[in-house]
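Have a look at the structure below before the remarks.
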Amino acid sequence: MAIQLYDTLAGRKRTFEPLEAGKVRLYVCGPTVYDYAHLGHARCYVVWDVVLRHLRARGYEVKYVRNFTDVDDKIIRRANERGEDPAALAARFADAFDEDMDALRCLRPDVAPRVTGHLPEIVALIERLVANGFAYAPGNGDVYFAVRKFPEYTRLSKRNLDDLVAGARVEPGEAKHDPLDFALWKAAKAGEPRWPSPWGEGRPGWHIECSAMTLAHLGAPIDIHAGGKDLVFPHHTNEIAQSVAAQGGGLEAERYARHWMHNGFVQIDDQKMSKSLGNFFTVREVLKKADGEALRFFLLGTHYRNDFNFSDTVLGEAEKRLVYLYETLEKADRVGAGAALGPATGLVEQVRAALDDDFNTAAVLGIVSEAFTAANALADRKGKRSPEEKGKLARFAAEAREVGAALGILQRPAGEALPSIRDRAAGRRGIDPAAVEARLAARAEARKAKDFARSDALRDELAAMGVAIMDGPAGTTWKVE
RNA sequence: GGCACCGUCGCCAAGUGGUAAGGCCCGGGUCUGCAAAAUCCGUAUUCGGCGGUUCGAAUCCGCCCGGUGCCUCCA
């Protein structure tokens with residue numbers, strides 16, 4: 001079955017049709033690196049990572065480009081505040097971004113271009129726009145795009161020009177012919193990074209860099225262009241206008257990107273997360289409290305187009321659920337070890353079908369539940385398992401990992417993931433694992449001697465610390481409540 | 001004000017014409033030295049409200065109520 005996706009340009013769900021059969025050119029708007037990645041970035045790039053993984057799982061050869069915007073007002077301002085070189089600051093936060101995305105199990109893009117590496121392409125693109133009559137240089141060192149010359153300007157955002165005029169702004173010093181026009185090139189101001197251009201020294205405007213890097217690394221039209229829903233206007237709107245206009249020929253938006261996808265926001269207490277509201281969380285802050293894979297799992301619990309509310313409670317639930325999934329996997333691995341794989345159950349294909357339908361990760365989590373429950377029941381059952389039953393468990397483990405691969409979870413050995421998640425939870429609660437182990441050892445002695453009073457007292461002590469214990473055939477394990 | 005989106009069980013969350021997935025919580029059972037974990041059973045005649053279309057609607061249309069976002073930097 002073909003992949004269906006919600007295309008912002010079409011305003012509805014439609015069948016995904018790449019330009020070239022079997023190949024996908026995917027561009028995702030990357031971060032402006034002036035600070036650490038926040039939860040909104042986490043959600044956004046985890047979502048597109050799932051899209052990438054699923055397209056590849058469906059056999060597409062995907063070239064994934066995600067840029068770093070490393071020339072920008074905010075970077076310059078931040079660097080000036082700190083007395084740091086803007087390029088150095090941007091490079092530092094780009095590295096930090098990669099680390100955070102790695103922690104979230106996001107695959108690295110095939111190409112991660114930076115604005116500073118594409119000035120010639122940007123200048124050439126602007127020159128083409130001027131030559132084509134879509135851009136003008138009023139002589140103050142700026143170059144602007146003439147919005148009204150581009151007929152499909154409002155198609156992506158579905159607004160009308162008059163409304164946009166009402167919100168349009170002209171900064172002092174700008175020389176726009178029309179308030180709707182936007183800057184392609186900005187004349188250098190004192191103390192700002194600058195590059196040479198036919199219009200004098202300056203730097204690229206906000207939107208042109210993505211067009212230039214997309215065209216440079218993927219060509220046009222690309223198959224999917226994606227980003228946060230806040231980018232629909234003006235960023236993606238302007239990208240379409242300039243990228244289509246620069247090519248010459250027809251002026252249909254599809255000449256730049258065939259499909260546009262946008263993810264919903266992360267909210268805190270039902271409100272947009274923003275620095276001004278003081279409800280802003282960086283990925284690193286959250287990763288101090290929670291496992292990266294747990295955060296990823298949490299982010300996949302809501303369909304990518306919906307906004308979702310971040311809360312410690314729900315994040316905690318997600319972490320518990322992830323632990324359950326790994327524990328089940330561990331049991332299935334252990335009990336099914338060495339068995340010949342049982343027959344395939346169709347689980348993987350069911351999951352792929354759900355992902356085919358506009359990447360419905362939330363539905364996937366529902367689909368998978370029953371298989372985990374059944375595996376647990378079988379693995380925990382008393383008595384011996386038949387070879388067929390062991391084969392079933394082995395098959396389950398294999399399928400669960402395949403489903404996990406589609407979502408970017410469950411790829412660690414359970415024996416590695418569980419202690420890692422547990423120890424981070426312990427750290428969060430101020431629990432010393434060594435102290436827990438000592439009590440467990442003492443309790444094992446007591447139980448051996450049938451001294452259940454002492455055994456229970458030790459368990460109570462652990463419970464008071466926030467530690468729950470599980471007696472099993474392979475000894476006693478523990479987890480943080 | 002304009003444009004868009006959303007409102008499904010106490011909480012989280014799928015479902016866009018065929019008669020309400022899943023997770024958490026909660027109650028009961030099995031297992032257990034007792035527990036925990038695991039598992040089983042139960043838990044929305046109902047999808048913000050009111051109308052309409054239809055043999056049939058949470059799903060389509062209209063109005064109303066409530067919430068959010070974008071229109072300015074933003075994932």
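Chain identifiers are assigned alphabetically (A, B, ...) following the order of the sequence lines, protein sequences preceding nucleic acid strands; residue numbering begins at 1 within each chain. Given the structure is predicted, the values throughout are model-derived calculations rather than measurements.
- Distances were taken from every side-chain heavy atom of A/Lys382 (C-beta onward) to each of B/U32, B/U39, B/C73; the shortest belongs to B/U32.
- Going from atom CZ of A/Arg443 over to atom C1' of B/G33 covers 10 Å, rounded to whole Å.
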Original post:
Passes side chain to side chain donor-acceptor pair (under 3.5 Å), A/Arg305 versus A/Thr8? Steps please.
Top reply: CA-CA 11 Å; A/Arg305 274 189 287 122; A/Thr8 311; over 6 Å; no
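- Between A/Glu209 atom CD and B/C73 atom C1' the separation is 13 Å, expressed in whole Å.
- Pairing for B/U72 is absent, with no Watson-Crick or G-U wobble pair whose two atom distances lie under 3.5 Å.
- Remark: the separation of the C1' atoms in B/C60 and B/A21 is 23 Å, to the nearest Å.
- A/Met261 has its CE atom 19 Å from the P atom of B/A75, to the nearest Å.
- Atom CG of A/Leu315 and atom P of B/C24 are 16 Å apart (whole Å).
- Base-pair partner of B/A14: not found among the strands shown (Watson-Crick or G-U wobble, both distances under 3.5 Å).
- Pairs engaging residues 450-481 of chain A under the ring-ring contact (aromatic ring centres under 6.0 Å, His included) rule: none recorded [sequence neighbours left out].
- Separation of the C1' atoms belonging to B/C5 and B/U46 is 24 Å when rounded to the nearest angstrom.
- In terms of position along RNA chain B, the nucleotide closest to A/Gly11 lies nearer the 5' end than the nucleotide closest to the other residue of the pair A/Gly11 and A/Ile469.
- OP1 or OP2 of B/C71 has not a single side-chain nitrogen or oxygen of A/Lys158 nearer than 4.0 Å.
- Between the side chain of A/Arg159 and the base of B/C70, a donor-acceptor pair under 3.5 Å is found.
- Across all strands shown, A/Gly264 has heavy atoms under 4.0 Å from base atoms, whether or not it also approaches the sugar-phosphate.
- Taking atom C1' on both nucleotides, B/G56 is separated from B/A20 by 15 Å, rounded to a whole Å.
- One can place CZ of A/Phe452 at 13 Å from P of B/U32, the figure rounded to the nearest angstrom.
- Residues satisfying the side-chain contact (heavy atoms from CB on, under 4.5 Å) test with A/Arg443, not counting sequence neighbours, are A/Arg447, A/Ser455, A/Leu458, A/Arg459, A/Ile469, A/Asp471, A/Thr476.
- Under the Watson-Crick or G-U wobble criterion, with both distances below 3.5 Å, B/G62 is paired with B/C50.
- For the P atoms, the distance linking B/A4 with B/C47 amounts to 27 Å, nearest Å.
- Nucleic acid contact for A/Asp456: base, since at least one base atom lies under 4.0 Å from a heavy atom of the residue.
- Using a 4.0 Å heavy-atom criterion, one finds that A/Arg381 contacts no nucleic acid atom at all.
- Here the CG-OH distance, from A/Leu299 to A/Tyr45, works out to 13.5 Å after rounding to the nearest 0.5 Å.
- A/Val266 comes within 4.0 angstrom of a base, heavy atoms only.
- Side chains of A/Asp178 and A/Tyr144: a donor-acceptor N/O pair is absent below 3.5 angstrom, by distance only.
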Which atom pairs link the protein and nucleotides 10-15 of chain B when you take only N or O atoms and keep those under 3.5 Å?
unit_1, atom_1, unit_2, atom_2, d
B/A14, OP1, A/His303, N, 2.7
B/A14, OP1, A/Asn306, OD1, 3.3
B/A14, O3', A/Asn360, ND2, 2.8
B/G15, OP1, A/Asn360, ND2, 2.7

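- Judged as a salt bridge (charged side-chain N to carboxylate O under 4.0 Å, His left out), the pairs with a partner in residues 179-188 of chain A (not counting sequence neighbours) are, in order, A/Asp73-A/Lys186.
- Residues A/Phe298 and A/Asn309 come closest through the heavy atom pair CZ-O, 4.0 Å.
- Spacing between B/A44 and B/A14 at atom C1', rounded to whole Å, works out to 15 Å.
- Atom C1' of B/U19 sits at a distance of 11 Å from the matching atom of B/A58, rounded to the whole Å.
- With both pairing distances under 3.5 Å, B/G27 is matched to B/C41 as a Watson-Crick or G-U wobble pair.
- Using a 4.0 Å heavy-atom distance criterion, A/Leu231 is classed as a sugar-phosphate-only contact.
- When all heavy atoms are compared, the tightest approach of A/Val232 to A/Leu156 is O-CD2, 3.8 Å.
- Across all strands, A/Thr328 comes closer than 4.0 Å to no nucleic acid atom at all (heavy-atom distances).
- Distance, A/Phe280 CZ to B/C73 P: 17 Å, rounded to whole Å.
- Here the separation of B/C25 from B/G18, taken at their P atoms, is 33 Å to the nearest Å.
- A/Phe233 comes within 4.0 angstrom of sugar-phosphate atoms only, judged by non-hydrogen atoms across all strands, and of no base.
- For A/Ile268 and B/U68, the CD1 to P distance is 15 Å, given to the nearest whole Å.
- A/Gly366 comes within 4.0 angstrom of a base, heavy atoms only.
- Nucleic acid contact for A/Glu370: none, since no nucleic acid atom lies under 4.0 Å from a heavy atom of the residue.
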Please table the atom pairs, donor to acceptor, closer than 3.5 Å between any side-chain atom in residues 75-82 of chain A and protein atoms at least two apart or in another chain.
unit_1, atom_1, unit_2, atom_2, d
A/Arg78, NH1, A/Tyr34, O, 3.2
A/Arg78, NH1, A/Asp35, OD2, 3.4
A/Asn80, ND2, A/Ile76, O, 3.4

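- Of all nucleotides listed (B/A75, B/C70, B/G69), B/A75 comes nearest to the side chain of A/Met273.
- Close to B/U39, at under 4.0 Å from its OP1 or OP2, lies a side-chain N or O of A/Tyr324.
- Closest to the A/His38 side chain, of the nucleotides B/G22, B/A75, B/A36, is B/A75.
- Donor-acceptor pairing under 3.5 Å, judged by distance alone, is absent between the side chain of A/Asp471 and the base of B/C31.
- If you check every strand for non-hydrogen atoms under 4.0 Å, A/Arg321 touches sugar and phosphate atoms only.
- The nucleotide whose nearest atom lies closest to any side-chain atom of A/Lys320 is, among B/C25, B/C70, B/A37, B/C25.
- Note that OH of A/Tyr256 is 4.0 Å distant from OG of A/Ser243, once rounded to the nearest 0.5 Å.
- Within the 4.0 Å cut-off from OP1 or OP2 of B/C3, not a single side-chain nitrogen or oxygen of A/Lys229 is found.
- Nucleotide B/C5 forms a Watson-Crick or G-U wobble pair with B/G67, both donor-acceptor distances falling under 3.5 Å.
- To the nearest angstrom, P of B/C6 lies 15 Å from CZ of A/Phe265.
- Nucleotides B/A57 and B/G67 have their C1' atoms positioned 24 Å apart, rounded to a whole Å.
- Look at B/G56: it lacks any Watson-Crick or wobble partner with both distances under 3.5 angstrom.
- Looking at residues two or more places apart in sequence or on another chain, you find a side-chain contact (heavy atoms from CB on, under 4.5 Å) between A/Ala332 and A/Leu393, A/Phe396, A/Ala397.
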